[in-house]
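Predicted model only: the values in this text are computed from it and were never measured. Whatever order the structure lists them in is the order used to number ligands and atoms, beginning at 1.
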Amino acid sequence: METPGHLIVDIARLQPEGEIFSGETAAGLMDMGARAICEPVGGIAYQIHVEQIGQELLARGRVSLGFRCACSRCGESFALEVVETAFFADFEVTAGTEFVDLTPEMREAIMLALPGYPVCREDCKGLCARCGANRNRETCTCGPALDGSWAALDLLVKR
Ligand SMILES: [Zn+2]
Ligand SMILES: [Zn+2]
């Protein structure tokens, strides 16, 4: 079984007391689907302890992947490092199991750890809803954004 860049455990060669695998996969995520707002940069870095206990292969450790994302508030491009320190996966090992590929589980863990609405910084002010100015960089003359809470306040004041 040859899949370059995957983390594949050869069951026959695995140390009985378990082993730590560390390195980087050749490529990051193949299919970002709906999360296309972030593009992976490079491969998934991993440090994973793998151990066979009876008919189970247990893998736990740390996986991380760098992304280039578009901020969901202001649209600016920024670098984001997604780290999952509590990666865990288990696989059934039968008499016929020769290899176990951990790569799909590592990808899934990264996807789950990736924020749904990534922001370039916690206090990103976003774009002005009226003129489109990036409010991190410039102060436009439109005044406060008319989002839900302000609109409600406006109504109260007018009464
Ligand atoms: Zn932003
Ligand atoms: Zn404005």
Exercise for the section: Spell out, as yes or no, whether a donor-acceptor pair under 3.5 Å connects the side chain of Thr85 to the backbone of Arg62. Expected result: no
Handout entry: Beyond-backbone contact of Asp101 with Phe99, side-chain heavy atoms, under 4.5 angstrom
Key = no
Problem - Min side-chain heavy-atom separation Val50-Leu7 under 4.5 Å - result: no
Fill in the blank from the handout: Which of Glu108, Glu84, Glu105 passes side chain to side chain contact (heavy atoms under 4.5 Å, CB included) with Val63? Answer is Glu84
Handout entry: Neighbouring protein N, O or S atoms of the Zn ion (ligand 2), below 2.8 Å
Key = 4
Practice task
Give me the one residue out of Cys38, Cys120, Cys124 that meets side chain to side chain contact (heavy atoms under 4.5 Å, CB included) with Phe78.
Solution key: Cys120
Problem - Nearest heavy-atom neighbours spanning Ile44 and Leu65 - result: N-CD1, 3.9 Å
Problem - Where the Zn ion (ligand 1) is the vertex, angle from Cys74 SG to Cys71 SG to 10° - result: 110°
